[in-house]
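Along the sequence shown, residues are numbered consecutively beginning with 1.
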Amino acid sequence: MFKNALSTFRFMGVVEGGSLLILLFIAMPLKYFFDFPEAVSVIGPIHGALFSMYILITIYMTFVFKWPFRFSVGAVVSAFVPFVISF
């Protein structure tokens, strides 16, 4: 499916970021404005699992592909601070 590990990392970053956007802009408004908390109950754990996978792939890229430390820090920081463009 993917040509190399970097394309897998990029794909995971996009999917994880997309899950955050769905959580923030769809599930949270459904919960607070339309009294539908089940949306967050479903999307929240999915986002958590995707985030965990993203961190694991970042660790994999750091140790197996010998990423510079600044790349790894940038990847983790961009995951915690929404809408940050990574290096």
Compare all side-chain heavy atoms of [X] with those of [Y] and state whether any distance is below 4.5 angstrom.
X	Y	value
Met12	Met53	yes
Arg10	Val14	no
Leu50	Tyr54	no

(request) Take Asn4 and Ser7, measure what side-chain contact (heavy atoms from CB on, under 4.5 Å) needs, and give me the verdict at the end. (result) CA-CA 6 Å; Asn4 56 31; Ser7 63; 3.3 Å; yes

(request) Could you tell me which residues satisfy ring-ring contact (aromatic ring centres under 6.0 Å, His included) with Tyr60, sequence neighbours excluded, listed by chain and number? (result)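 Counting only residues at least two positions away or on another chain, Tyr60 forms a ring-ring contact (aromatic ring centres under 6.0 Å, His included) with Phe65.
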
(request) State plainly whether one hydrophobic cluster holds both Val64 and Phe11, where clusters connect Ile, Leu, Val, Met, Phe, Trp and Tyr through side-chain heavy atoms under 4.5 angstrom apart. (result)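 As far as the 4.5 Å side-chain criterion goes, Phe11 and Val64 are connected within one cluster.
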
Under 3.5 Å, side-chain donor or acceptor atoms of residues 40-49 against the rest of the protein: list the pairs with distances, not counting sequence neighbours.
residue	atom	partner	partner atom	Å
Ser41	OG	Pro37	O	3.3
His47	ND1	Ser19	OG	2.8

(request) Would you give the length of the straight line joining atom OG1 of Thr58 to atom CZ of Phe71, rounded to the nearest 0.5 angstrom? (result) 13.0 Å

(message) For the CG atom of Leu20 and the CZ atom of Phe25, what is their distance to the nearest 0.5 Å?
(response) 8.0 Å

(message) My understanding is that only residues two or more places apart in sequence, or in another chain, count here; which of them pass side-chain contact (heavy atoms from CB on, under 4.5 Å) with Leu30?
(response) Ile26, Phe34, Phe36, Ala39

